[in-house]
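For reference, the structure discussed in these notes is given below.
Reckoned from all heavy atoms, side chains included, excluding hydrogens, waters and symmetry mates.
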Amino acid sequence: MNRSATAAAGARLTRARALDLYRHAPTAELARMADAVRRRKHPDGIVTYIIDRNVNYTNVCVARCKFCAFYRPVGSSEGYTLGFEEIARKIEETIALGGGQLLLQGGHNPDIPIEWYEDLFRRVKERFPAFRLHALSPPEVVHISRLSQLPVPAVIDRLIAAGLDSIPGGGAEILVDRVRKLLNCYNKATADEWLGVMRAAHRAGLRTTATMMYGTVETMEERLEHLFRLRDLQDETGGFTAFITWSYQPQHTELGGTEATGVEYLRTLAIARLVLDNFDNLQASWVTQGGKVGQLSLAYGANDMGSVMIEENVVRAAGAEYCMDEFEVVRNIEAAGFIAKRRNMHYEILGDPVVRERDVPRMLELAVARPDGRGGEAEDLRGYEARSAAGRRARAGADASS
Ligand code: SF4
């Protein structure tokens, strides 16, 4: 059987065959093979998307990953932590645009204890009962586990009890410890720790996504190692809803370097579609690749345009500033010959585009964490224990002056 026939028949790719294809198959052939898998899994011609908001509740982080342009060290005047009311306002704006979920992620801030997350989740659910919290990537869960000295499953149970609905797959980068050490992200979570959080989340009944950021210091073999480790865990738990890959964005980072090309992105996406035969959904990462490559992704295995994404702070800090509102997302899906449908985090279809049902204001640029770019933590953090010396001083000073 030739390569294309093997994929079309649904046979499982071996590591050696995947590497051979990734290295040597013509790009058009990879597209044909990945598209055959997409058509087999999604024969209805539907391409989905979600309306949500990517809120980064804090940029203060002790992890200091070399590829990150978003974080600020503890004590920085540019460091911020949002308050409950700021987050509630963002939720109200998201609901007004037809959204029903926050993707809530942030830095590893030593001055935010687990109780703050629990209180935040409870308040959100009290005020917006139907709103979903897709929150806290595995390294953040590891960070909270270390801060609170609770095992990961106990942290997950407490967060679920407070209102956590699902976990985003961020912080995976490449799930190979050699790479993680070079990128200074081994300490925030090893490959096994990242996978361990996802295993615990799946066992607790949560669905999660999986990601891969490529294009830093890893080899092709290590990208494939990452994909095969995800495939193995999916065989074990079946808890991943989707996979998303994007290229490293180098601007303003300690690591520097250049960004992978569009063709490399499309080849990587297609290989992921072929290896991850037990994942139902692959997203197009238009936020890092732009709308045009995002649209092309639909011919390379993607069946989902990701999020309309009302706000974004992390990849923007590293130089990627693409924006598409729902009108644009739908236009790109339909111009590629697909039917556009809104979905939720579980990939259940919610309906037709909101822009077809009612007037929604056009959104021509993405919102930011704080409209005026201010640093500083919100007042409601004062009631929580700070662990860093700078955090304790700041909270004591705020109390003295109030
Ligand atoms: S990627 Fe996340 S964990 Fe790493 S430095 Fe940036 S904010 Fe911190």
> Can Tyr22 and Arg223 be said to form a side chain to side chain contact (heavy atoms under 4.5 Å, CB included), step by step?
Replying inline: CA-CA 10 Å; Tyr22 199 14; Arg223 292 179 194 176; 2.8 Å; yes
>> Does atom CD (Glu348) have a neighbourhood of more than 12 heavy atoms from anything else shown, all under 6.0 Å?
In response: yes
> Between NE2 of His42 and CG of Asp280, what distance do you get to the nearest 0.5 Å?
Replying inline: 6.0 Å
>> Apply side chain to side chain contact (heavy atoms under 4.5 Å, CB included) to residues Val47 and Ile339 and explain how you reach the verdict.
In response: CA-CA 6 Å; Val47 166; Ile339 303 158; over 6 Å; no
> Looking at Asp111 and Gly391, what are the two nearest heavy atoms and their distance?
Replying inline: OD2-CA, 3.3 Å
>> Test your reading of the model: is there a side-chain donor-acceptor pair from Arg273 to the backbone of Leu276, 3.5 Å cut-off?
In response: yes
>> Would you say Asn281 and Asp304 are linked by a side-chain donor-acceptor pair, where the criterion is simply a distance under 3.5 Å?
In response: no
> With respect to Glu173, which candidate in Lys188, Lys66, Arg178 satisfies the salt bridge (charged side-chain N to carboxylate O under 4.0 Å, His left out) definition?
Replying inline: Lys188
>> Side chains of Tyr248 and Thr253 only: does a donor on one sit below 3.5 Å from an acceptor on the other?
In response: yes
> What's the shortest heavy-atom distance between His134 and Ser166, and which atoms?
Replying inline: ND1-OG, 2.7 Å
> Is it true that a side-chain atom of Arg267 and a backbone atom of Ala25 form a donor plus acceptor pair closer than 3.5 Å?
Replying inline: yes
>> Check for me whether the distance between the ring centres of Tyr57 and Trp116 falls short of 6.0 Å.
In response: yes
> Is the closest basic N to carboxylate O distance between Glu85 and Lys90 below 4.0 Å?
Replying inline: no
>> Given 3.5 Å as the limit, does a donor-acceptor pair link the side chain of Gln295 with the main chain of Asn332, or not?
In response: yes
>> Is there a side-chain hydrogen bond (donor to acceptor under 3.5 Å, both in side chains) between Thr190 and Asp177? Walk through the geometry before answering.
In response: CA-CA 6 Å; Thr190 65; Asp177 286 340; 4.8 Å; no
> Would you say the side-chain atoms of Lys41 pair up with the backbone N or O of Asp277, donor to acceptor, closer than 3.5 Å?
Replying inline: yes
> Step by step, would you call Arg207 with Asp165 a side chain to side chain contact (heavy atoms under 4.5 Å, CB included)?
Replying inline: CA-CA 8 Å; Arg207 305 299 304 277; Asp165 292 298; over 6 Å; no
> Counting only heavy atoms not in Glu115, do more than 12 sit closer than 6.0 Å to its CD atom?
Replying inline: yes
> Gln105 side chain to Pro168 main-chain N or O, any donor-acceptor pair under 3.5 Å?
Replying inline: no
>> Is it true that, when you exclude Arg387 itself, more than 12 heavy atoms of the residues, nucleotides or ligands shown sit nearer than 6.0 Å to its CZ?
In response: no
> To the nearest 0.5 Å, how far apart are CD1 in Ile144 and CG in Leu147?
Replying inline: 8.0 Å
> When rounded to the nearest 0.5 angstrom, what distance separates CE in Met198 from CG in Leu175?
Replying inline: 9.5 Å
> Taking atom CG of Leu230 and atom OG1 of Thr209, what is their separation to the nearest 0.5 Å?
Replying inline: 10.5 Å
> Do Ser145 and Leu150 have side-chain heavy atoms sitting under 4.5 Å apart?
Replying inline: no
>> Evaluate Leu183 against Leu255 for side chain to side chain contact (heavy atoms under 4.5 Å, CB included), listing each step before the verdict.
In response: CA-CA 8 Å; Leu183 296 177; Leu255 186 66; 3.7 Å; yes
> Do Arg158 side-chain atoms and Glu118 backbone N/O form a donor-acceptor pair below 3.5 Å?
Replying inline: no
>> I want to know whether Phe240 and His202 have ring centres closer than 6.0 Å.
In response: yes
>> I'd like to know if the side chain of Tyr265 and the backbone of Ser285 have a donor-acceptor N/O pair within less than 3.5 Å.
In response: yes
> Going by distance alone, is a donor N or O of one side chain under 3.5 Å from an acceptor N or O of the other, for Ser137 and Glu140?
Replying inline: yes
> Does a donor on one side chain and an acceptor on the other come within less than 3.5 Å for Tyr49 and Glu326?
Replying inline: yes
>> If I compare all heavy atoms of Leu102 with all of Val55, which pair ends up nearest, and what's the gap?
In response: CD2-CG2, 3.8 Å
>> Looking at Met305, is its backbone amide N or carbonyl O close enough to the side chain of Trp286 to form a donor-acceptor pair, meaning the two atoms are under 3.5 Å apart?
In response: yes
> Got a donor-acceptor contact below 3.5 angstrom from the Arg231 side chain to the Phe279 backbone?
Replying inline: no
>> Can you confirm whether the side chains of Glu218 and Thr216 place a donor and an acceptor under 3.5 Å from each other?
In response: yes
> Looking at Leu82, Leu120, Asn54, which hits side chain to side chain contact (heavy atoms under 4.5 Å, CB included) with Leu104?
Replying inline: Leu120
> About how many Å separate OG of Ser76 and CG of Asn59, when rounded to the nearest 0.5 Å?
Replying inline: 7.0 Å
>> Please give me the minimum heavy-atom distance between Ala189 and Val142, naming the atom from each residue.
In response: CB-CG2, 4.4 Å
>> Could you walk me through whether Gln289 and Ser247 satisfy the side-chain hydrogen bond (donor to acceptor under 3.5 Å, both in side chains) test, starting with their C-alpha distance in whole Å, then the side-chain angles of each, then the deciding distance to 0.1 Å, before giving a yes or no?
In response: CA-CA 8 Å; Gln289 310 303 315; Ser247 55; 3.0 Å; yes
> How many angstroms lie between atom CG of Leu97 and atom CG of Asp52, to the nearest 0.5 angstrom?
Replying inline: 11.5 Å
> Any luck finding a side-chain donor-acceptor pair between His346 and Thr241 under 3.5 Å?
Replying inline: no
>> Please find the pair of heavy atoms, one from Glu86 and one from Thr81, that lie closest to each other, and give the distance.
In response: OE1-O, 4.3 Å
